Each structure stands twice: as structure tokens, then as C-alpha cells.
2 protein chains.
Amino acid sequence: MARKPADQSVNREEIIAAAADVLRYNGYDATTMKDIAAKVNLTAASLYHHFKSKDFLLLAVLEVGLDHAIAQIEPIVAAADKPAAQKLAEMITLHIVSVTDNTAVGAAMVFEIRALMNAKLPPRNGGQFGQEDYDEFIKRRDSFFARRAYFENLFKRTVQEGIVNGEFRPVDASIVTKTMLGAQNWVGVWFRPNGRLSGADIAHMMVDTFLHSLRVPQGLNMA
Amino acid sequence: MARKPADQSVNREEIIAAAADVLRYNGYDATTMKDIAAKVNLTAASLYHHFKSKDFLLLAVLEVGLDHAIAQIEPIVAAADKPAAQKLAEMITLHIVSVTDNTAVGAAMVFEIRALMNAKLPPRNGGQFGQEDYDEFIKRRDSFFARRAYFENLFKRTVQEGIVNGEFRPVDASIVTKTMLGAQNWVGVWFRPNGRLSGADIAHMMVDTFLHSLRVPQGLNMA
DNA sequence: GCAACAATTAAATATAGATTTAATTGTACC
DNA sequence: GGTACAATTAAATCTATATTTAATTGTTGC
């Protein structure tokens, strides 16, 4: 009946964080349960006390990463007073910095989506792994992708908002959104922590690029 | 002494094309040699007559994809007379269409790079696989990444060209290039052949986005 | 019609890694 | 000072696949 986790224990969060780091550098298939366990001074077997399978652990990492990204962006979209351009600038910045600073976000956005789609459960015989586990996995996986679409939609709505209120040129909001997110997610692929630019620097430039592209030219004769 | 390949035979090109298709949908790790072989009516064992290993086959696919992409872009950059803006428009268009139409290009640009980096040879014991094979693999892999950098550089040069000749605003050419390529490569992630837009449609919109962002505003008072 | 090699294959190997099992150890609460 | 469960583990399983082997079949040039 609801015991406090003992000191000896490594909790779920720590394992997820460790797994995110390892995944980020090696990718799902190249990452072994042993690698992840080693990061938190456990054996591979121990991980199964916390997660039903490697796939469930992956799922947990991606959920955490996506939740983090959404939590950053959501409040900005909600702000009723700010101009769309400013909202978008903040959203782009926060997203890029999330990707560069949080390995779980990078995994959720770019690297491990494929692995999640490929996951085929149940892994083996009819062992402990029951139909309920399978159903739960499918459900959470679908939910992950739905939330990912929601995340994209936050950007799209802001673009549309800007178009409607005349701040932005009329563009295909859907494609422009995918263009922006593609560029932003891609940062996770090439970014190196000790490179010339920080995540914030990069964000600054991308904001410039996309706002320039969207903004209705100021001070032009409207003849 | 140079015999014509027999009719019975399936050639290297066909296998590479088949492998690219399978890889594109399942990813390297989820793709088995059997899957690839099945696509060309062979058994897994047969593939080893044509390629030294699964990794070498992957490498071949990526090389073909990258070569294709470079072959499309290179001549445009070379054209001495065209304005940078027009060159860039053509380059973006050809690249996006390559990604949407050619599975090998998609693999080389986005999906299987990770797998190539992870490839650790030699796979097993000291069998047929010798040191020379290992060396060759490393060499070709490094060469692939160098050519990938070269590909990116073709875009970067064109951006710089436009800046120098006053067509484009002064921007960080390196980051703008990565922004564009990120957006373009990302098309490979979300594009669906029977979607609302064709590759060419998407290309058209992205060209608009990026040229708008780069171009020096026309008809402004230069006070 | 045979030598030589190309192309293919069925069947045998090998092995890495995920997962399971059965047992041990820690801790909280009574 | 024992009960109950949480956390952990060493060792045993279990399989899916890449790869190797050894043999077969096709083709060409002579």
C-alpha cells in the first residue's frame, strides 16, 4: 500500500533520461538494454522491473520528449494579446533550444519515430506479455502520433492567425509549417554542442529567415 | 574474361533499387536480407554473391542515391549566366522532387544515415571478411559523408553567390543552407505519394518561401 | 560436350541481445 | 524480528537473422 520508493532504487525518470541520452547517440537498434542499464548502474534485467519491454521504454522516452516540447510551446499560442509574429518567433526559439538541449525531444522529433512505427509486439511467445500489453502499446503509440500532429498544429494555427490578421502574406499554412518544422527538427541532426553557434544563436537566425519570408513587406506603396 | 551477364541473373542495379524501396519503408534494421531478396525473386544467400554484406549493400544504396542527387544539382550551379535566385529555385525543386520520387535519395538524405554511421564491421569471426574489406568500407563510408558535405556546399555556394552579387540579403549562408536542406529533406519524412500535393507542388511553395526570405526587397526607397 | 566461371540455393552456423526465471537483498511498517 | 513487497541480479532461454558452406545449375566460348 503505497510505499515510498527506497533509497537504493533508481526511479523511472532517471532511467528514461539515461535511455534518451543513449538513444540520441546510437539510435534505437544500436542501443542495447545493457547500455541503458549501465548508465544508471543497473543490469539489463533490472530494467524489466520498471518497463515491460524495450519498446515500452522507447515509448516512455518519446512521450516525455514530446510532452516537454508541447509544454514549452502551448502557453505561447494561448497568449491572446501578442502578435502572431512574436508568438511564432518565441515558438521557433523554444523548439530549437529544446531540440538542442534535451535528448528526449530530439528523439521524439526526429530520430526514433521510425523505431516506434516499426515496433512489433508482442516480442516473443505468449509469456508474461499479454494481449492487454499489446493493446496498451498500440493505444499509447497512436496517442503519441496524435499528439505529434497536435504539436505541429500549434505552429500551423499561429501561421494562420498571422495570415488572417494581415501580419503575414497569404501562404499555404500547412506547407509553410512543415517547412519550418523540418528545418527546426533537422537542427537535431547536425547540431554539435561545441560548435560555432549555440541553440539560441541558431534559433535567432531561423526566426529571421521565416519571419522575413512570412511578413507582409512594410512601407511599400499599396498601389 | 568479361562475360556477358546471363539472362537468369539479376544485376547489381536491380538489387540496389529493390533494397532502396524496402529500406525506405522499413528502415535498415527492420529490413532483412530475405525481404530484399524476395523483391527480386532471390534467396537471401544469393545476395552475398553480389554484395559482401548487408552493410555493403546499404552503402551501395546510399551511394547511388547521393550520386543521383548530386548529378541533378551540379550542372545548375555550374551555369555561369543565371542569377543566383534562379539557380537556387531550380536546385530546390530538383532536390525535393528527387526526394519524393527516388527512394534511394530519401535513404541517402535522411533515413539511413544513422545506420551507416553505426555499421560496425567486420560482422563476425575472421571468415571471408578480411581487413581489406573493412578498410574499403571505412573508406567508402567516409567518402560518402564527404560527398554529402559537398552536396550541401553546392547550395551554400549559391547562397553566397547571391549575397555577393546583391541579389540576396546578407545572411549566415551556412545556417540558411542548413535551414533549407532541413526543410527539403524533411519532405521525405512526411510526403505521401497520394497526398494533396505533388513533389513539384511542394517544391514550388518552398522555393517561394526561401526566395522571399533571401531576396533584397525590390522597389524600396534606399534612403 | 567440356572447361570455367557466374548465379543461385538449401541447409547449416553463429551470435548478439531481448526476455524470463528463480533467487537474493533492502526497507517500511507493524 | 517478521511480513510484504520493492528492487535488483546472475544465469538460463530463445529467436531472429546475418552469414557461411557445399552443392547445383546456367551460359558461354572453344
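What you see is a predicted model; the values in this text were computed from it and never measured. Each chain gets a letter, A, B and so on, in the order the sequences are listed, and its residues count up from 1.
At whole-Å resolution of the value, CG in B:Leu47 and C1' in C:dA10 are 15 Å apart. Put simply, CG on B:Leu58 is 12 Å from P on D:dA18, counting in whole angstrom units. Rounded to whole angstrom, the span from the CG atom of B:Asp35 across to the P atom of D:dA18 amounts to 8 Å. Taking atom OH of A:Tyr134 as the reference point, atom P of C:dT19 lies 15 Å away to the nearest angstrom. In this structure, CG of A:Asp55 is placed 7 Å from P of C:dT19, rounded to the nearest angstrom. As a whole-Å value, the separation of B:Leu57 CG from D:dA18 P is 11 Å. In this entry the distance linking CE of A:Met33 with C1' of C:dT19 reads 9 Å, nearest Å. Here the P atom of nucleotide C:dA12 and the OH atom of B:Tyr48 are 18 Å apart, to the nearest Å.
By the side-chain hydrogen bond (donor to acceptor under 3.5 Å, both in side chains) test, B:Asp35 pairs with B:Thr32, sequence neighbours left out.
An OP1 or OP2 oxygen of D:dT8 is reached within less than 4.0 angstrom by no side-chain nitrogen or oxygen of A:Thr43. The shortest distance between the side-chain N/O atoms of B:Ser46 and the OP1/OP2 oxygens of C:dT9 is below 4.0 Å. For D:dA6, the OP1/OP2 oxygens have no side-chain nitrogen or oxygen of A:His50 closer than 4.0 Å. Not one side-chain nitrogen or oxygen of B:His49 sits closer than 4.0 Å to the OP1 or OP2 atom of C:dT8.
Proximity of residues 16-32 of chain A to DNA chain C (heavy atom under 4.0 angstrom from any strand atom) is restricted to A:Thr31, A:Thr32.
Counting heavy atoms from C-beta outward, B:Met180 and B:Val159 have side chains that approach closer than 4.5 Å. Taking the side chain as every heavy atom from C-beta outward, B:Thr209 and A:Val171 never approach each other to under 4.5 Å.
Out of C:dT19, D:dA18, C:dT9, the shortest distance to the side chain of B:Leu42 is found at C:dT9. Looking at the side chain of B:Ala45, the nearest of the listed nucleotides D:dA18, C:dT19, C:dA10 is C:dA10.
For the pair B:Lys156 and B:Glu152, the salt-bridge criterion is not met [side-chain N within less than 4.0 Å of a carboxylate O]. Between B:Glu112 and A:Arg114 there is a salt bridge, since at least one side-chain N of the basic residue sits less than 4.0 Å from a carboxylate O of the acidic one.
In this structure, B:Phe145 places its CZ atom where more than 12 heavy-atom neighbours from other residues, nucleotides or ligands lie under 6.0 Å away.
To the nearest 0.5 angstrom, B:Met206 atom CE is 13.0 Å from B:Leu211 atom CG.
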